Amino acid sequence: MPDGHARVRAGSSNKLDTTLAHEARVYDYWLGGKDNYPADRALADTIATHIPDIRDMARANRAFLGRAVRHLAGEAGIEQFLDIGTGLPNTGNTHEVAQRIDPAARVVYVDNDPLVLAHARALMTSTPQGRIAFLDADLRDPRAILEAPALAETFDPDRPMAIMLVAIMMFFRDSDDPYGVVGRLLEAAPSGSYLVLTHSTADFDPRAMARATAAAQRAGIAFQPRSRADTESFFAGTELVDPGVVPVDAWRPDPGVGADEQRSAWYWAGIGRKP
């Protein structure tokens, strides 16, 4: 199930090919955006036949990002956010949420899709006190991200950061060493940094997710949902923030969200702090 906050396709070229579906544009379509093409809409509609509530799930994942950033900027005092997989601009982008709380917050957005980067650079603007930067890089090469001049120019290397991996790791097969990639990012982060991660899962409806996964793979998108236990493994070496790894709508839900709604989106979500 392609989701929209994940958009650094493992091993993808940075050339724009609108004849192939792309995660960011599929997600944009589900959110009601206009930056998508026939191939994206075709895949999005096919997946929706298997998972009719997919649009609500996309919105739930987006809402979690906002809650996570508000917690980190407001309660944890995080001022630096490394958002890997920028996605097409929408309401509630990471820097908007963070800078609403802390106008001096700094955000580095990472993606390797040319359409995403072009729109992000054109539409995303920082507060005068803060700063945002854009990095063309692939998550399969975390060293290129960590050693990029844009990161060094934007962040204080001695201060903790939040590494945002919202709905992206399911685009890594096990053979792509997803846990090693996340581990290398965490290893380089200062003490007190946080990992924010959501991941699609088949735990709630294996048959429907299998059909959606097959549709994505036929469209050329590597996609691998993972279990709760597998998702928790990404947080190895961190201290999970309460309530741990839970359904995305159940992570510190907004008032009025009932128990049934908290299990309606097929994502696990969590935040971990590096000691």
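These values consider heavy atoms only, across backbone and side chains, with no hydrogens, waters or symmetry-generated copies. Position 1 is the first residue of the sequence, and the numbers go up from there. Since we're looking at a predicted model, the values are computed, not measured.
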Taking distance alone, no hydrogens or angles, what donor-acceptor pairs closer than 3.5 Å link side-chain atoms of residues 100-107 to residues at least two apart or in another chain?
from : atom 1 : to   : atom 2 : distance (Å)
D102 : OD1    : A104 : N      : 3.0
R106 : NH1    : T154 : O      : 2.7

Residue list, side chain to side chain donor-acceptor pair (under 3.5 Å) with R41, at least two apart or on another chain: N36

Of the non-hydrogen atoms in Q99 and G130, which two are nearest, and what is the gap between them? NE2-CA, 3.9 Å

Sequence neighbours left out, cut at 3.5 Å: what donor-acceptor pairs do the side chains of residues 180-196 make with other protein atoms?
from : atom 1 : to   : atom 2 : distance (Å)
S191 : OG     : P275 : O      : 2.9
S193 : OG     : M161 : N      : 3.0
S193 : OG     : M161 : O      : 3.4
S193 : OG     : P190 : O      : 2.8

Can you name the nearest heavy-atom pair linking S200 to M170, along with the distance? OG-CE, 3.5 Å

My understanding is that only residues two or more places apart in sequence, or in another chain, count here; which of them pass side chain to side chain contact (heavy atoms under 4.5 Å, CB included) with A60? V248, D249, A265

How far does OG of S227 sit from CD of E232, to the nearest 0.5 angstrom? 8.0 Å

Return the CD1 to CD1 distance between I145 and I163, rounded to the nearest 0.5 Å. 9.5 Å

Can you find a pair of side-chain heavy atoms, one from Y27 and one from R62, that are under 4.5 Å apart? yes

Okay, side chain of D28, backbone of D35: is any donor-acceptor separation there less than 3.5 Å? yes

Nearest 0.5 Å please: distance from the CZ atom of R67 over to the CD1 atom of I271. 9.5 Å

When you measure from the side chain of D176 to the backbone N and O of P178, does any donor-acceptor pair fall under 3.5 Å? no

Please identify each residue that fulfils salt bridge (Lys or Arg N to Asp or Glu O under 4.0 Å) with E75, with sequence neighbours left out. R252

Non-neighbouring partners of H71 that pass ring pair (Phe, Tyr, Trp, His ring centres under 6.0 Å), sequence neighbours left out: W251

Heavy-atom pair with the smallest gap, counting every atom of A250 and P253: O-CD, 3.4 Å

Quick one: which residue pairs count as a salt bridge (charged side-chain N to carboxylate O under 4.0 Å, His left out) with a foot in residues 197-222, not counting sequence neighbours? none

When every non-hydrogen atom of T18 is compared with those of A39, the smallest separation belongs to O-CB, 3.9 Å

Nearest atoms (heavy-atom pairs only) where A21 meets L43: CB-CD2, 3.7 Å

Between H95 and T125, is there a donor-acceptor pair closer than 3.5 Å when you use the side chain of the first and the backbone of the second? yes

Report the distance from atom CE of M164 to atom CG of L197, rounding to the nearest 0.5 Å. 10.0 Å

Working to the nearest 0.5 angstrom, can you tell me the gap between L139 CG and M169 CE? 5.5 Å

Can you list everything that forms a salt bridge (Lys or Arg N to Asp or Glu O under 4.0 Å) with R226? Sequence neighbours excluded, please. D174

Within-4.5 Å side-chain heavy-atom neighbours: L72 and F81: yes

Could you please spell out the steps behind the side chain to side chain contact (heavy atoms under 4.5 Å, CB included) verdict for Y179 and D230? CA-CA 10 Å; Y179 298 103; D230 289 340; 3.4 Å; yes

Taking the side chain from Q80 and the backbone from R159, do they hold a donor-acceptor pair closer than 3.5 Å? yes

To the nearest 0.5 Å, tell me how far Y267 OH sits from M57 CE. 8.0 Å

Let's go through T231 and T201 carefully: what are the C-alpha distance in whole Å and the side-chain angles of both, what is the deciding distance for side chain to side chain contact (heavy atoms under 4.5 Å, CB included) to 0.1 Å, and is it a yes or a no? CA-CA 9 Å; T231 302; T201 184; 5.8 Å; no

Would you check if T94 and V166 make a side-chain contact, meaning some heavy-atom pair closer than 4.5 Å? no

Side chain to side chain contact (heavy atoms under 4.5 Å, CB included) filter on R55, not counting sequence neighbours, yields Y29, W30, D45, A48, R59

Considering only distance and modelled atom types, tabulate donor-acceptor pairs under 3.5 Å from the side chains of residues 233-247, sequence neighbours left out.
from : atom 1 : to   : atom 2 : distance (Å)
S233 : OG     : A229 : O      : 3.2
T238 : OG1    : F235 : O      : 2.7

Mind checking side chain to side chain donor-acceptor pair (under 3.5 Å) for Q217 and listing every partner two or more places apart, or none if nothing turns up? none

What pairs meet the ring-ring contact (aromatic ring centres under 6.0 Å, His included) rule with one or both residues in residues 124-159, with sequence neighbours excluded? Y109-F134

Any side-chain heavy atom of F172 sitting closer than 4.5 Å to one from R140? yes

Minimum heavy-atom separation for I78 to A162, with atom names? CG2-N, 3.8 Å

